[in-house]
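Each remark here refers to the structure printed beneath this line.
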Amino acid sequence: MQSSKPMDRLICGDVGFGKTEVALRAAFKAVQDHKQVMVLCPTTILAQQHYTTFKDRFDPFGVRVDVLSRFRTNQQQKATLEDFEKGEVNVLVGTHRLLSRDVNPHDLGLVIIDEEQRFGVGHKEQLKNLREQIDVLTMSATPIPRTMQMSLSGVRDMSLIMTPPDERRPVEVHVGEWDVDVVSDAIRRELQRGGQVYYVSNRVRTIDDAVERVGAAAAEARVGVAHGKMSKDELERVMEDFAAGDIDVLVATTIIESGIDNPHTNTLIIEDSQRLGLAQMYQLKGRVGRSSVQAYAYFMFPSTIPLTDEAQARLEAINEHRDLGSGMQVALRDLEIRGAGSLLGAEQHGNMSAVGFDLFAQMLATAVASAREGSDVKDALPPALSDITVNLPASTFIPEDYVPDTDERVLVYRRAASADSISAVDDIERALAENHGEEPVECVNFFAKARLRAWANEHNVKTISVVGGKLTMEPIGLTDADMKPLRRYGGRYSKTARKLQLPIKYFDASGKGDLVASVWSFVQTMGK
């Protein structure tokens with residue numbers, strides 16, 4: 001925050017590791033420098049909780065904290081906005097309501113975003129505009145892959161909180177079929193030691209049935225209900241009663257997922273856990289075990305419904321990652337389960353497919369370093385032939401089982417992308433074959449495509465592409481003698497556009513896998 005450049009920093013720490021404490025101190029520093037602060041939260045309940053926390057900590061210093069949420073009346077919100085515009089409100093906490101046009105700060109210096117991944121694309125665009133002129137602090141326990149990539153590539157700064165609080169114990173996890181006896185034992189054990197229970201049922205229309213199940217399991221428990229379709233007065237009253245200890249079991253939807261802090265609640269029961277995402281389950285697990293008391297989390301699923309492979313993998317992952325500070329591993333495991341497409345395989349699209357994901361990330365890191373240094377960063381390799389398009393419908397990549405080492409594969413991709421002569425491509429392929437033996441067909445196609453790009457570079461051809469069953473090459477100079485054998489197969493050539501179009505039936509290819517080699521042979525013949 002002391003830098004002359006606006007801060008854009010992601011704080012990644014496990015649930016309960018103290019991200020809010022960092023946010024409090026950043027906000028206090030901004031206020032001491034006579035700047036205003038906005039604290040953005042994904043849910044109304046979390047906004048209310050942050051408001052209480054910030055107010056309790058800042059009141060002794062004469063710092064005014066206020067909140068914008070659906071818990072406040074229109075008159076209260078209007079008065080708050082007027083005072084914020086005058087500069088009389090130092091810290092304003094709220095949901096996405098803070099991004100409305102009628103919110104006009106007097107002198108904004110810092111925006112704190114809790115759980116940025118919970119905000120939509122439109123809201124993120126507004127936040128992107130804010131980043132150009134003010135400091136932004138983002139907090140997350142399980143960052144989404146896009147956020148992680150931005151942080152790891154250097155587009156954003158990232159800080160990790162790895163140390164758990166003193167006396168914090170890992171949550172005991174139980175994964176299994178829903179059993180009324182297990183639920184009854186879990187609730188009664190928690191009540192006997194004076195604690196409270198979260199019971200998550202993530203369907204509003206059947207939440208009353210969940211209340212009945214809890215009543216059947218532990219009739220003596222005082223039960224409350226919380227979900228997003230309740231009125232603001234009802235929801236506020238229930239949460240206040242639960243915080244005060246007047247409710248033993250809170251039957252709720254995943255509305256409790258984001259940042260709710262109640263140290264007296266140390267048992268979590270989720271009845272339909274197979275419906276939830278891995279990061280969502282991990283966030284919910286973080287609602288318990290926020291003190292030195294041993295906490296328990298029960299991830300249950302109905303015995304009548306067969307689990308999908310993905311649901312089973314998610315439940316196995318939540319059972320596996322029990323240690324404190326597992327948020328990052330859970331985020332990576334979630335990506336592995338859901339998949340990110342074949343990033344370096346055949347099913348690629350757009351500009352990234354031309355270079356592969358790893359090379360794309362490397363190019364991004366180079367560009368970021370260049371922007372930071374204010375000058376071009378010279379790479380050890382010559383630049384890729386990015387102005388030449390070679391687009392053929394075939395599998396052209398280096399299989400992972402042929403070259404298992406990622407760094408080696410990326411280096412071959414980079415060398416082939418920048419090889420500006422056919423002999424250079426031959427040298428790269430020869431070295432690879434010497435180290436790894438006979439090439440698979442995808443690899444043969446890959447180098448044939450690289451030779452086509454090198455040939456195009458030597459002959460000033462910009463496009464070699466197959467679209468609609470026709471090979472197109474341009475700009476290229478051909479004589480009538482060159483075209484004579486091609487016209488028999490429907491070949492056409494425009495002298496003004498210097499463009500050749502030739503039906504791919506000319507190549508008599510046995511399949512798509514042979515098309516690249518056939519085009520390469522055709523190009524060699526033209527060269528002669």
Side-chain angles (χ1 to χ4, degrees), residues 340-363 365-366 379-466 471 473 504 506-528:
S342 181
L343 295 175
L344 288 175
E347 305 85 11
Q348 298 180 10
H349 306 279
N351 295 329
M352 197 180 292
S353 65
V355 293
F357 178 76
D358 291 314
L359 178 54
F360 172 79
Q362 199 165 348
M363 290 165 65
T366 303
D379 204 313
L381 292 171
L385 308 177
S386 57
D387 58 336
I388 298 172
T389 300
V390 179
N391 183 20
L392 302 174
S395 295
T396 56
F397 63 98
I398 303 171
E400 191 173 340
D401 53 0
Y402 181 60
V403 182
D405 184 64
T406 303
D407 290 340
E408 184 181 356
R409 279 202 319 278
V410 170
L411 189 58
V412 174
Y413 278 120
R414 296 186 70 200
R415 285 175 173 165
S418 56
D420 57 0
S421 67
I422 296 168
S423 60
V425 177
D426 291 341
D427 291 343
I428 298 167
E429 184 177 24
R430 193 181 303 112
L432 193 68
E434 285 175 1
N435 292 330
H436 297 279
E438 186 179 353
E439 301 169 51
V441 64
E442 297 90 352
C443 201
V444 172
N445 286 337
F446 171 76
F447 284 109
K449 185 176 176 180
R451 287 188 186 91
L452 281 169
R453 189 183 291 109
W455 178 88
N457 179 63
E458 291 174 343
H459 292 81
N460 296 317
V461 175
K462 296 300 180 185
T463 301
I464 302 176
S465 178
V466 171
L471 172 73
M473 296 177 64
I504 59 173
Y506 169 83
F507 302 105
D508 194 26
S510 59
K512 287 185 178 179
D514 299 327
L515 181 61
V516 184
S518 299
V519 173
W520 170 236
S521 298
F522 167 70
V523 160
Q524 287 178 295
T525 305
M526 289 179 62
K528 292 174 183 176

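Predicted model, so just to flag it, every value in this text is computed and none were measured.
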- Message: Within the supplied structure, the quantity of interest is the number of heavy atoms (other residues, nucleotides, ligands) at a distance under 6.0 Å from Glu400 CD; does it exceed 12?
- Response: no

- Query: Which pair of heavy atoms, one from Ala454 and one from Ser421, lies closest together, and at what distance?
  - Reply: CB-C, 3.5 Å

- Taking all atoms of both residues into account, what is the closest heavy-atom pair of Pro399 and Glu442, and its distance? CG-OE1, 3.9 Å

- Message: So, using side-chain hydrogen bond (donor to acceptor under 3.5 Å, both in side chains) as the criterion, who are the partners of Glu429 when residues are at least two apart?
- Response: Arg451

- Item | Atom pair NZ/CG of Lys462 and Asn457 - distance to nearest 0.5 Å | 7.5 Å

- Considering all heavy atoms, the nearest Ala456-Ile464 contact: CB-CD1, 4.1 Å

- Task: Identify the heavy atoms of Gly437 and Tyr402 that sit nearest to each other, and give their distance.
- Result: O-OH, 2.8 Å

- Message: Ring centroids only, cut at 6.0 angstrom: are Phe397 and Tyr413 within range, meaning strictly under it?
- Response: no

- Message: Rounded at 0.5 Å granularity, tell me how far OG1 in Thr463 sits from CE in Met473.
- Response: 10.0 Å

- Report the C-alpha separation of Cys443 and Leu432 in whole Å, then their side-chain angles, then the decisive distance to 0.1 Å, and conclude whether the side-chain contact (heavy atoms from CB on, under 4.5 Å) test is met. CA-CA 10 Å; Cys443 201; Leu432 193 68; 4.0 Å; yes

- Query: Counting distance only, does the side-chain N/O of His459 pair as donor-acceptor with the main-chain N or O of Trp455 below 3.5 Å?
  - Reply: yes

- Test log, rule side-chain contact (heavy atoms from CB on, under 4.5 Å), inputs Glu439 and Phe446: CA-CA 10 Å; Glu439 301 169 51; Phe446 171 76; over 6 Å; no

